Protein chains: 2
Amino acid sequence: MKEAPTRKEQIEEKATALFKEKGFSATSMRDLATVLGIEAASIYSHIRSKEEILHRICFRMAHEFFQAIDAAEAAGTTAAERLTEAIKAHVQVITKNTEASAVFLNEWRHLSEPSHSEFLSLRDKYEGRFREIVRTGVQNGEFQVPDEKFAALTILSGLNWLHTWYKPSGKMSPNDIAENLSAMLLNGLKINK
Amino acid sequence: MKEAPTRKEQIEEKATALFKEKGFSATSMRDLATVLGIEAASIYSHIRSKEEILHRICFRMAHEFFQAIDAAEAAGTTAAERLTEAIKAHVQVITKNTEASAVFLNEWRHLSEPSHSEFLSLRDKYEGRFREIVRTGVQNGEFQVPDEKFAALTILSGLNWLHTWYKPSGKMSPNDIAENLSAMLLNGLKINK
DNA sequence: CCTACCGATCGGTAGG
DNA sequence: CCTACCGATCGGTAGG
């Protein structure tokens, strides 16, 4: 049973769609008001500023990604298993929140200070979690990579285009997608190994 | 010997940096004028509109990517070789034009019709070139992938984060980077193959 | 949640 | 390339 969303949640939801589609700067409060069926001034009864909406979206998503990887890292024993789980977790967060993920990935630069720096620091910490899994794998002989940071960022960027095309109605389920991505990133394209 | 840039080229160059940093919508013609040391109105002696600048950046980069992959595809005999060359070519275009690449990748959605559709169609054609290499590799037994389109897009997205961190002064050269990316994407992380 | 409105800023033009 | 300016629109506030 889904509870009826509060007005504030409705505002955030519609704003997320607009921010993804047109970008934060190109989305006006009048655009948002039109979609909500109210006047622009009325939005300010529920939120303090346009940036507050962006802030809430970005930091909520950051929180979701951390929660997901916390669970994932506890799951596996080998580095390969933990990386596979981390990939699956990341894919699940994106596929469950495609629009918010797009905003999280593309619009954070419109946060002003100090939120901007805080966001970047969170993102860096999250990347560090992947880096750490890769490092362990290299140390115990499971992985072979040119550079741990480089590898972690390549993996993440290989996951982060998902929001551009994923549709719940598609033929691949989130778990299918995660498996395919893990296979590609862990084993590569080549057949003779 | 580099020729002195025309005013139009200077405008494009400064606009590229601003569009990358602040985004197209959040960049005003006054911002651009300030950087150029002239008045906003004076910019219009050289360009027709703000969008024209974006258009020129996006389509020039599209052209660069196509030129690069044309050369790359002629080079190799096996699919693996051609993919490696295509990756190298793509990396070279990005590392030579980090700011314009960022604009090409992130700001194209602010193009109005019909440019918007034309751009997407070019991008799709470019992705098709990678898809085609992957397909050949699968057909002749070199590659094993879950889905050709999926694989091509994962590869490209694994290359397209480069513009966010590459600096010419860094310790990896563009060729080092290309080799590392090819190794990761073709062979995967795992050591026991 | 609305009406009424604010000062600031936007992309762009006219005319030199 | 500048001065002078346009109408439109922006995020946001006052007061109910």
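Being a predicted model, the structure only gives us computed values, none of them experimental. First the proteins, then the strands, lettered A, B, ... as listed; each starts at 1. Only heavy atoms go into these numbers, but all of them, side chains included; no hydrogens, no water, no symmetry mates.
Within residues 45-60 of chain B, the residues that have a heavy atom under 4.0 Å from DNA chain D are, in order of number, B/S45, B/H46. Proximity of residues 25-38 of chain A to DNA chain D (heavy atom under 4.0 angstrom from any strand atom) is restricted to A/T27, A/S28, A/M29, A/R30.
The 5' end of DNA chain D is approached more closely, in terms of each residue's nearest nucleotide, by B/A40 than by the other of B/A40 and A/A40.
Stems are defined here as 3 or more consecutive Watson-Crick or G-U wobble pairs with pairing distances under 3.5 Å; those involving DNA chain C are C:1-16 with D:1-16.
If you walk DNA chain D from 5' to 3' and mark each nucleotide with an atom closer than 4.0 Å to a heavy atom of chain A, the marks span D/dC10 to D/dT13.
With sequence neighbours excluded, the residues satisfying ring-ring contact (aromatic ring centres under 6.0 Å, His included) with A/F104 are A/F65, A/F119. For A/F66, the ring-ring contact (aromatic ring centres under 6.0 Å, His included) partners are A/Y126, not counting sequence neighbours.
Between the side chains of B/N187 and A/Q144, no donor N or O sits under 3.5 Å from an acceptor N or O.
Of the inter-residue distances, the one linking B/E142 atom CD with B/R82 atom CZ reads 8.0 Å to the nearest 0.5 angstrom.
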Run the numbers on A/L153 and A/K149 for side chain to side chain contact (heavy atoms under 4.5 Å, CB included), then give the verdict. CA-CA 6 Å; A/L153 288 175; A/K149 186 175 176 185; 4.2 Å; yes

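In summary, the aromatic rings of A/F24 and A/W108 are positioned with their centroids too far apart to meet the 6.0 Å limit. Centroid-to-centroid, the aromatic rings of B/Y166 and B/W161 stay 6.0 Å apart or farther. A distance below 6.0 Å separates the ring centres of B/F59 and B/H55.
Environment of NZ in B/K50: crowded, with over 12 heavy atoms of neighbouring residues, nucleotides or ligands closer than 6.0 Å. Around CZ of A/R129, the count of heavy atoms belonging to other residues, nucleotides or ligands within 6.0 Å exceeds 12.
Of all non-hydrogen atoms in B/S42 and B/I38, the two that sit nearest each other are CB-CD1, 4.0 Å. Summarising the geometry of A/F143 relative to A/L83, their closest heavy-atom pair is CZ-CD2, 4.0 Å, with the distance given to 0.1 Å.
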